[in-house]
Protein chains: 2
Amino acid sequence: MDRISVFNEYVRRKGLKNTNQRMVILETFLGSKSHYSTEDLYMKLRKEYPKIGYATVHRTLKLFAECGIAIELNFGDGQTRFEPLIADQHHDHLVCTSCGLIVEFTETRIERLQEQIASQYNFKIERHRHELYGLCSDCAKKQG
Amino acid sequence: MDRISVFNEYVRRKGLKNTNQRMVILETFLGSKSHYSTEDLYMKLRKEYPKIGYATVHRTLKLFAECGIAIELNFGDGQTRFEPLIADQHHDHLVCTSCGLIVEFTETRIERLQEQIASQYNFKIERHRHELYGLCSDCAKKQG
DNA sequence: TTAGCTTCTGAATGTCATTTTCAATATCCT
DNA sequence: AGGATATTGAAAATGACATTCAGAAGCTAA
């Protein structure tokens, strides 16, 4: 089931309504590989739909996270970012602390070790966050 | 060098001053295993030192992070927490999403894999964040 | 020790992302 | 279509964090 269907399904099940704004936001959100903050997406949408409200964008992004087609990311810069999520395609992030570049990685060996740790402590893991912060190759060159 | 000395050293080197409030905050901060938010520590201190200000607690915690005797943690609940840090004793966290329990873990195999990933992408890692979210054994029992 | 300079403190205020409110509007169901 | 209910967008509220400022306290040199 694609993400648009997942969203529609969720909206129906919850007795919510399917509005133009939500569709427009969804399409724009899915049609990019970016990690949008509310601000980012709002600015992008405003070019084509000047009447759209900031609060609507924000509420809709939260809704995406709620229904599982997006996840909230928080890299500690005081801005929550939202990332379109593909079912069963988990990944983690490398974040350049200089230019803000975000690179995704997956490492199944780490995932397995996580499970071991969880069972050691009798935790039932729901999700995790794993971020590596440092300089990307370009910034490392520039800044020594 | 213990953490009090590290702090005093830092204060001296930076031309800052050694005040009563800072000492009181430092002692309380180090004398607990908690992961304090500014609010938490402020409330705790207030019992014994009612005149201490929120801003002072907050500024001092930032100072601890600055001089390396604490790190800022962010578990995505909108509150920055500060953790007393022991030099060379890095660890990551298991966080119970139900009761808020925080358990620390270390796993050198994961650390090694991280380094491999970083070099794959030509990143120069400065720090990382690795958190596993889920239910602790108690909450898992209670909530099924 | 004191004078004099600098930093610190605490209360108040500012800032910024996010959330809520509310009246007008749009959607959905029958 | 009619009517109940959710949504929208502008504005205001919230909450964590940061800054300001005047008075207080720490530091340094003589």
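Below, chain A is the first sequence line, B the second, and so on; all start at residue 1.
In the 5' to 3' direction, nucleotides of DNA chain D lying under 4.0 Å from heavy atoms of chain A begin and end at dT5(D) to dA10(D).
Checked against a 6.0 Å centroid threshold, the rings of Phe75(A) and His93(A) count as neighbours.
Checked by atom type, the side-chain pair Tyr49(B)/Gln21(B) shows no donor-acceptor distance below 3.5 Å. Judged purely by distance below 3.5 Å, without hydrogens or angles, the side chains of Gln114(B) and His128(B) pair a donor atom with an acceptor atom. When only modelled atom types and interatomic distance are considered, Asp92(A) and His130(B) share no side-chain donor-acceptor pair under 3.5 Å.
Comparing Thr19(B) and Thr38(B) against DNA chain D, the residue whose closest nucleotide sits nearer the 5' end is Thr38(B). Mapping Asn18(A) and Asn20(B) onto DNA chain D by nearest heavy atom places Asn18(A) closer to the 5' end of the strand.
Between Tyr36(B) and Phe29(B), the angle of the ring planes lies from 30° to 60°, which puts this pair in the tilted group.
At whole-Å resolution of the value, CZ in Phe82(A) and C1' in dA17(C) are 11 Å apart. One atom, NZ of Lys17(B), and another, P of dC8(C), lie 7 Å apart when rounded to the nearest Å. Residue Arg46(B) contributes atom CZ, which lies 12 Å from atom P of dG10(C) at whole-angstrom precision. Counting to the nearest Å, the P atom of dT7(C) and the CG atom of Leu16(B) are 8 Å from each other. Between the CG atom of Leu61(A) and the C1' atom of dA17(C) there is a distance of 13 Å, rounded to whole Å. One can place OH of Tyr36(A) at 19 Å from C1' of dA17(C), the figure rounded to the nearest angstrom.
Residue Thr97(A) forms a side chain to side chain donor-acceptor pair (under 3.5 Å) with just one option from Arg127(B), Lys124(B), Glu126(B), and that option is Glu126(B). With respect to Ile69(A), the side-chain contact (heavy atoms from CB on, under 4.5 Å) criterion is satisfied by exactly one of Leu26(A), Leu63(A), Leu85(A): Leu26(A).
Between Glu9(A) and Arg12(A) there is a salt bridge, since a side-chain N of the basic residue sits under 4.0 Å from a carboxylate O of the acidic one.
Comparing atom distances between the Arg22(B) side chain and each of dC8(C), dA26(C), dG10(C) picks out dC8(C) as nearest.
Between the side chain of Arg59(A) and the base of dT21(C), a donor-acceptor pair under 3.5 Å is found.
If you chain together hydrophobic residues whose side chains sit under 4.5 Å apart, Leu73(A) and Leu132(B) never meet in one group.
Contacts of residues 62-81 of chain B with DNA chain C (heavy atom under 4.0 Å): none.
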